[in-house]
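In this text the structure is predicted, and so the values were computed from the model without any measurement.
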Amino acid sequence: MANKQIGMRKIKKLFKLYTEGVSKRKISSGLNISRNTVTKYIDFFKAYKLTYYEVSAMTLEELHTLFLAGKKQKSSKLKTLESYFPYFDKELKKTGVTQLLLWEEYKEKHPDGFMLSQFYYWYREWRKELSPVMHFTHKSGDKLFIDFTGKKLTIVDEHTGELQDLEVFVCVLVSSQLTYAEACESQRKEDFIRCIENALWFYEGVPRALVTDNLKAAVKKSHRYEPSVNDTFADFADHYETTVLPTRAYKPRDKAIVENAVRIIYTRVFAPLRHQTFHNRSSLNTAILELLEQHNRMSFRGRSYSRRSLFEEIEKQTLKPLPLKRYELKSYANGTVHKNSHIYLNKDKHYYSVPFNHVGKKVRIIYSETSVEIYHKHQRIAVHPRNKKKYGYTTNKEHMASYHQFVSEWSPEKFINWSANIGADCRAYIIKILDKKQHPEQSYKSCLGILHLAKKVGNERLNNACKRALDYQAYNYKMIQRILEKGWDTITEENLEDIDIPSHNNTRGKNYYK
């Protein structure tokens with residue numbers, strides 16, 4: 001410090017000019033003090049890590065006291081503080097623990113101890129470390145910066161005691177710095193998009209751009225000028241009518257604001273939760289949101305407003321409105337249209353119809369939790385509600401050719417009702433066939449062949465043939481056809497003895513059994 005201390009008002013003016021980017025030479029000339037003195041005062045403020053807002057908020061007496069503390073020789077109070085420094089140095093290596101947290105613990109034990117700014121100064125003198133601070137200005141409602149924390153939070157299985165590490169998603173609006181965080185299972189595309197969506201509904205609006213890191217869930221291929229955004233993420237952005245702006249690879253300054261938010265989350269979320277145990281993700285996220293609200297309502301240092309109040313006042317109304325419904329996560333598959341005018345979705349093992357003129361063509365399948373869309377050369381040719389019934393068919397009759405439309409109407413109920421009109425035995429026989437065949441289409445063809453025989457022989461003969469076949473316990477079309485050809489359907493118990501049995505060398509006569 002200079003041998004003769006200059007006035008506190010001039011010191012405030014000096015630091016204001018410096019934060020505005022005025023050179024030390026011009027400050028020296030304008031305030032009529034030496035450049036060496038200017039440098040020493042600036043270094044003093046850096047040592048305390050004070051911003052201009054903090055300095056301007058201090059009274060002249062507080063500023064004077066701060067400078068006096070810097071000049072004094074070590075007192076018993078300072079020696080007491082320094083005795084804690086080795087412990088502080090060790091604690092600061094733990095996730096989320098900060099100097100503010102440690103100062104609060106120190107102040108609780110020593111109410112007459114150093115205030116926060118002096119605490120910062122003496123600790124940094126002990127460690128001999130200084131860090132510059134950068135500030136950025138952004139338009140309201142312009143961007144949402146997105147990232148994951150490097151550290152993870154853990155939940156414990158209530159029954160087995162197994163530990164599960166969870167990723168922590170963080171995002172911050174650029175102007176108000178309103179922050180959102182959420183624990184999720186992974187950084188996979190599904191979890192990543194769902195976290196962003198939850199954040200947008202938390203903010204009750206959509207910013208003009210989403211600024212993400214180059215993680216795989218967002219970017220297929222990074223590039224300095226035109227990175228390729230993941231298809232699903234791009235579709236998500238279209239749904240919310242916003243833009244994706246990936247940051248440059250290995251350029252942390254591009255997302256300095258969210259990097260700073262991550263550090264704050266370590267302090268105001270990770271650290272307070274470090275002694276608590278959670279058994280599921282839901283309870284952990286509830287605790288995170290409670291701490292986030294405290295953080296968002298906490299006033300900025302040196303300012304009379306908070307992130308929440310700033311958001312409500314200037315940023316909320318600049319966000320675009322949310323859509324009427326949430327985004328449905330979509331997946332993609334390729335397929336070929338079968339000869340029966342259906343494609344097969346392997347995910348659900350289910351068949352969906354497409355117009356018959358696309359038989360044999362390659363198609364693109366886009367499906368969500370509720371719908372399945374089918375595209376050919378970027379043109380949508382069919383859309384269906386999603387059906388997860390294995391080996392089932394979802395068919396639009398208009399997609400089928402005339403013959404296939406008839407076939408598509410086949411069902412067990414159709415054949416049972418048809419057979420009931422012929423007779424009770426015919427109905428019982430058809431039910432047996434439907435129960436016996438392994439594949440529905442195979443049984444449908446057998447039923448169709450049998451029921452069509454009524455046109456040739458009449459309902460009565462066909463019903464009697466089915467009754468005879470039930471006695472034989474033989475359930476197929478050929479058995480009914482054979483019974484009708486041989487006339488066995490006309491045989492009754494009374495005329496059974498009148499049937500002539502053909503002569504054969506291997507036939508035993510009645511004398512054989514005497």
Side-chain angles (χ1 to χ4, degrees), residues 337-342 344 349-353 356 359-360 389-397 399-514:
V337 182
H338 297 178
K339 291 182 179 180
N340 63 356
S341 300
H342 286 74
Y344 178 67
K349 302 186 185 303
H350 193 87
Y351 295 88
Y352 296 91
S353 69
F356 68 91
V359 169
K389 181 181 179 182
K390 288 187 176 181
Y391 306 109
Y393 283 78
T394 297
T395 305
N396 183 338
K397 291 183 180 180
H399 292 165
M400 314 299 290
S402 57
Y403 169 74
H404 289 97
Q405 287 184 24
F406 171 72
V407 172
S408 68
E409 296 175 355
W410 289 355
S411 68
E413 292 76 14
K414 178 182 178 67
F415 290 112
I416 291 172
N417 292 334
W418 186 353
S419 62
N421 293 327
I422 296 173
D425 293 314
C426 183
R427 180 179 182 276
Y429 192 74
I430 291 297
I431 291 174
K432 288 290 185 179
I433 291 179
L434 291 171
D435 290 341
K436 178 176 179 288
K437 301 294 184 181
Q438 293 183 350
H439 195 281
E441 188 171 336
Q442 185 182 13
S443 63
Y444 294 166
K445 288 181 178 179
S446 295
C447 292
L448 189 66
I450 292 169
L451 295 173
H452 276 167
L453 291 172
K455 295 180 180 180
K456 296 180 179 180
V457 300
N459 291 352
E460 184 178 356
R461 285 199 65 191
L462 180 58
N463 190 62
N464 290 336
C466 291
K467 179 180 181 181
R468 180 68 62 188
L470 285 170
D471 292 338
Y472 297 158
Q473 296 184 0
Y475 309 110
N476 55 68
Y477 169 80
K478 290 184 178 180
M479 175 54 68
I480 299 297
Q481 185 183 42
R482 186 179 180 188
I483 290 173
L484 291 171
E485 288 176 350
K486 299 292 185 182
W488 295 345
D489 59 292
T490 60
I491 297 175
T492 61
E493 296 296 332
E494 291 75 13
N495 61 13
L496 186 62
E497 294 181 355
D498 298 333
I499 297 176
D500 292 330
I501 299 176
S503 176
H504 194 277
N505 293 333
N506 293 329
T507 302
R508 301 186 182 102
K510 59 183 179 180
N511 296 326
Y512 177 83
Y513 297 97
K514 291 182 178 180

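Of the possible donor and acceptor atoms, none in the side chain of Asp425 sits under 3.5 Å from a partner among the backbone N and O of Cys466.
Between atom SG of residue Cys426 and atom CD1 of residue Ile450 there is a gap of 7.5 Å, rounded to the nearest 0.5 Å. To the nearest 0.5 angstrom, Arg468 atom CZ is 13.5 Å from Arg482 atom CZ. Here CG of Leu451 is found 10.0 Å from NZ of Lys414. Values are rounded to the nearest 0.5 Å. Put simply, OH on Tyr344 and OH on Tyr352 are 11.0 Å apart, with the number rounded to the nearest 0.5 Å. Note that CG of Asn396 and OG of Ser341 are 11.0 Å apart. Values are rounded to the nearest 0.5 Å. Here Ile480 contributes atom CD1 and Ser446 contributes atom OG; the two are 11.0 Å apart, rounded to the nearest 0.5 Å.
Residues Asp489 and Ala465 come closest through the heavy atom pair CB-N, 3.7 Å. Leu470 and Lys432 get closest at one heavy-atom pair: CD2-CG, 4.2 Å. Here the shortest heavy-atom pairing between Ser353 and His342 reads N-CD2, 3.4 Å. Minimum heavy-atom separation, Leu453 to Leu484: CD1-CD1, 3.9 Å. The heavy-atom pair separating Asn463 from Ile422 by the smallest distance is CB-O, 4.1 Å. The shortest non-hydrogen separation linking Tyr429 to Asn476 is OH-N, 2.9 Å.
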Show your working on side-chain contact (heavy atoms from CB on, under 4.5 Å) between Asn421 and Asn417 and close with a plain yes or no.
-> CA-CA 7 Å; Asn421 293 327; Asn417 292 334; 5.7 Å; no
In sequence, state the C-alpha distance, the side-chain angles, and the governing distance for Leu448 and Trp418, and then conclude on side-chain contact (heavy atoms from CB on, under 4.5 Å).
-> CA-CA 10 Å; Leu448 189 66; Trp418 186 353; 3.7 Å; yes
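In Gln481, the CD atom is crowded: over 12 heavy atoms of neighbouring residues, nucleotides or ligands sit closer than 6.0 Å.
With contacts defined as side-chain heavy-atom distances shorter than 4.5 Å, the pair Ile431/Ile416 qualifies.
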